[in-house]
Amino acid sequence: RINIMSRVHDTYVASPNCNQPHCTHTQGALYLPPPGPDDPTGGQRAIGTEERASKMKELWERWTWLEDYSSQHAGQSAYLCGNFLSIADLTWFPTAVFMEFLLVHVAEWPVLFADVQNGQTQDFFADASWGDWVQLEKWNPGPVSEKMARRFPKLSTWYPKLLQIDQFRKVRGEILGFWLRERHFDGLDADQDPRPRKRFPPIKKAIGFAVDNAKRMLWMSSTIELVADLTPRQAVREAVGAIEVSSGVQIWTPPKTAKTLSASTPPQQIAGSSLAQVGMRPTPY
């Protein structure tokens with residue numbers, strides 16, 4: 001169980017798995033740029049609309065898998081594999097820290113991971129070594145969403161439990177410090193930003209474009225509902241068509257399929273469908 005949890009994490013969430021151009025990791029959907037002038041990699045690590053949609057779907061699918069697999073095999077125990085820390089906890093925890101910040105700040109998902117202690121979500125301030133701005137820019141995602149807590153009863157309590165251990169809290173501080181510095185730089189005028197390009201605004205714009213032009217595609221809304229009045233494939237085709245019209249760029253369009261998802265299809269069923277089931281091209285991770 002420990003090995004399979006670690007393998008799923010490394011294969012499907014956190015690693016590109018090869019160095020070939022355009023192969024990016026699933027979690028990169030939250031911090032890698034869209035193609036175009038905001039991409040400093042010349043397209044090598046840019047993520048397009050369709051690919052970002054499938055990666056966001058994959059994130060939902062893998063976190064729900066972890067919740068269900070851990071609950072099935074470890075029950076109500078404090079840790080992922082039982083009443084003991086394991087490599088599974090050490091593997092998934094840093095990525096959960098990424099999700100604490102990025103799922104809220106970038107994708108605007110309901111809160112899943114938060115430093116909830118004694119019923120209160122704790123404020124976080126980056127270490128002073130990051131700059132003199134840190135005391136002015138706290139991080140607090142708010143309480144865990146009630147709907148997220150119902151869907152992820154284990155993970156939503158596992159995370160703050162680990163934060164009661166000093167070493168885990170230190171790791172979280174180092175990771176959040178970096179992302180808060182990126183957020184800080186994003187808020188500066190261009191002549192004050194030491195980076196050549198903004199980090200999160202182009203990604204948020206790309207996500208917003210997909211939401212506006214493709215009926216939210218495969219993203220969750222703030223009420224944890226995946227809008228399914230279009231099939232995911234139809235949503236992708238609409239988004240691709242809109243991009244082609246606005247930019248003149250030809251983008252790969254998936255072939256037709258008889259597979260459909262109705263407006264009454266439960267969100268979990270949509271999120272849990274494989275790429276093959278919804279007719280989407282497998283994403284290179």
Report the C-alpha distance between Leu66 and Val8 in whole Å, list the side-chain angles of each, state the deciding distance to 0.1 Å, and finish with yes or no for side chain to side chain contact (heavy atoms under 4.5 Å, CB included).
CA-CA 9 Å; Leu66 182 65; Val8 166; over 6 Å; no
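- Within a 6.0 Å radius of CD in Gln192, other residues, nucleotides and ligands contribute more than 12 heavy atoms.
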Would you please test Asp38 and Arg197 for salt bridge (charged side-chain N to carboxylate O under 4.0 Å, His left out) and show each step?
CA-CA 6 Å; Asp38 296 305; Arg197 298 170 179 82; 5.8 Å; no
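- Using the six-membered ring where Trp is involved, Phe101 and Phe200 have ring planes that are tilted, between 30° and 60° apart.
- The backbone N or O of Asp10 lies less than 3.5 Å from a partner atom in the side chain of Ser15, making a donor-acceptor pair.
- Side-chain atoms of Lys154 do not come within 3.5 Å of backbone N or O of Ala78 as any donor-acceptor pair.
- Taking a 6.0 Å sphere around CD of Glu146, one finds it holds 12 or fewer heavy atoms contributed by other residues, nucleotides or ligands.
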Determine whether Asp193 and Lys198 satisfy the following criterion, salt bridge (charged side-chain N to carboxylate O under 4.0 Å, His left out), listing intermediate values before the conclusion.
CA-CA 8 Å; Asp193 190 343; Lys198 297 298 182 183; 3.0 Å; yes
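- Heavy atoms of other residues, nucleotides or ligands lying less than 6.0 angstrom from CZ of Arg7 number 12 at most.
- Remark: Glu174 CD is packed, more than 12 non-hydrogen atoms of other residues, nucleotides or ligands lying under 6.0 Å away.
- Residues Ser6 and Thr91 approach most closely at OG-OG1, 3.7 Å, considering heavy atoms.
- Here the straight-line distance linking atom CG of Leu85 with atom CD of Gln167 works out to 9.5 Å at 0.5 Å rounding.
- Tyr12 and Glu61 share no donor-acceptor pair across their side chains, judged by distance under 3.5 Å alone.
- No side-chain donor-acceptor contact under 3.5 Å links Ser70 to the backbone of Glu67.
- With values rounded to the nearest 0.5 angstrom, Arg45 atom CZ is found 7.0 Å from Tyr31 atom OH.
- A centroid separation of 6.0 Å or more is found between the aromatic rings of Tyr79 and Phe84.
- Under the 4.5 Å side-chain criterion, counting only non-hydrogen atoms from C-beta, Met5 is in contact with Cys81.
- Leu163 is listed as a side-chain neighbour of Arg172, based on a closest heavy-atom distance under 4.5 Å.
- Partner of His184 under the ring pair (Phe, Tyr, Trp, His ring centres under 6.0 Å) criterion, out of Trp133, Phe125, Trp130: Trp133 alone.
- Side-chain contact between Thr121 and Val144 is absent, with no heavy-atom pair separated by less than 4.5 Å.
- Atoms CD and CG, from Glu100 and Leu176 in turn, are 5.0 Å apart once rounded to the nearest 0.5 Å.
- With respect to Arg151 and Asp68, a salt bridge is recorded, a charged nitrogen being found less than 4.0 Å from a carboxylate O.
- Between Asp186 atom CG and Leu180 atom CG the span is 11.5 Å, to the nearest 0.5 Å.
- In this structure, the side chains of Asp123 and Trp139 stay at 4.5 Å or more apart for every pair of heavy atoms.
- Across Asp39 and Pro33, no two heavy atoms sit closer than the pair OD1-CG, 3.7 Å.
- One finds the NE2 atom of His25 at 9.5 Å from the OG1 atom of Thr95 (value rounded to the nearest 0.5 Å).
- A salt bridge links Arg199 with Glu182; the closest basic N to acidic carboxylate O contact falls under 4.0 Å.
- With a 6.0 Å radius and a threshold of 12 heavy atoms from other residues, nucleotides or ligands, Asn118 has its CG atom at or below the threshold.
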Let me see the working for Lys170 and Asp127 under salt bridge (charged side-chain N to carboxylate O under 4.0 Å, His left out), right down to the final yes or no.
CA-CA 10 Å; Lys170 180 180 179 181; Asp127 187 84; over 6 Å; no
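- Side-chain atoms of Lys147 and Pro110, non-hydrogen and from C-beta on, never get closer than 4.5 Å to each other.
- Residue Arg52 comes nearest to Gly28 through the heavy atom pair NH1-O, 4.3 Å, listed as atom of the first residue, atom of the second, then distance.
- Phe98 has its ring centre less than 6.0 Å from the ring centre of Trp179.
- Other residues, nucleotides and ligands place no more than 12 heavy atoms under 6.0 Å from the CD1 atom of Ile87.
- Considering only heavy atoms from C-beta on, Val111 stays 4.5 Å or farther from Met148 through its side chain.
- A single hydrophobic cluster is seen to contain both Leu90 and Val97, as judged by linkage of ILVMFWY side chains at heavy-atom distances under 4.5 Å, directly or through other members.
- The minimum heavy-atom distance linking His105 with Lys204 is given by the pair O-CE, 2.8 Å.
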For the pair Trp109 and Phe152, evaluate ring pair (Phe, Tyr, Trp, His ring centres under 6.0 Å) and give the outcome as yes or no after the intermediate values.
CA-CA 14 Å; Trp109 282 19; Phe152 300 91; 8.9 Å; no
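- Using cut-offs of 30° and 60° on the angle between ring planes, the pair Trp65 and Tyr69 is parallel.
- Side-chain contact between Gln122 and Asn140: absent, with no pair of heavy atoms (C-beta onward) separated by less than 4.5 Å.
- Of all the heavy atoms in Glu51 and Ala46, the pair that sits closest is OE1-O, 4.3 Å.
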Full working for salt bridge (charged side-chain N to carboxylate O under 4.0 Å, His left out) between Arg169 and Asp115
CA-CA 10 Å; Arg169 186 166 289 276; Asp115 182 14; 2.9 Å; yes
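- Two residues are said to be in side-chain contact when any heavy atoms from C-beta on lie closer than 4.5 Å; Leu59 and Leu30 meet this criterion.
- Between Trp92 and His9, the ring planes are perpendicular. Angles over 60° get that label, and only those under 30° would be called parallel.
- Between Trp63 and Phe113, the ring centre distance stays below 6.0 Å.
- Scanning all heavy atoms of the two residues, the minimum distance from Ala29 to Met56 falls at CB-SD, 4.0 Å.
- Of the inter-residue distances, the one linking Arg195 atom CZ with Arg181 atom CZ reads 8.5 Å to the nearest 0.5 angstrom.
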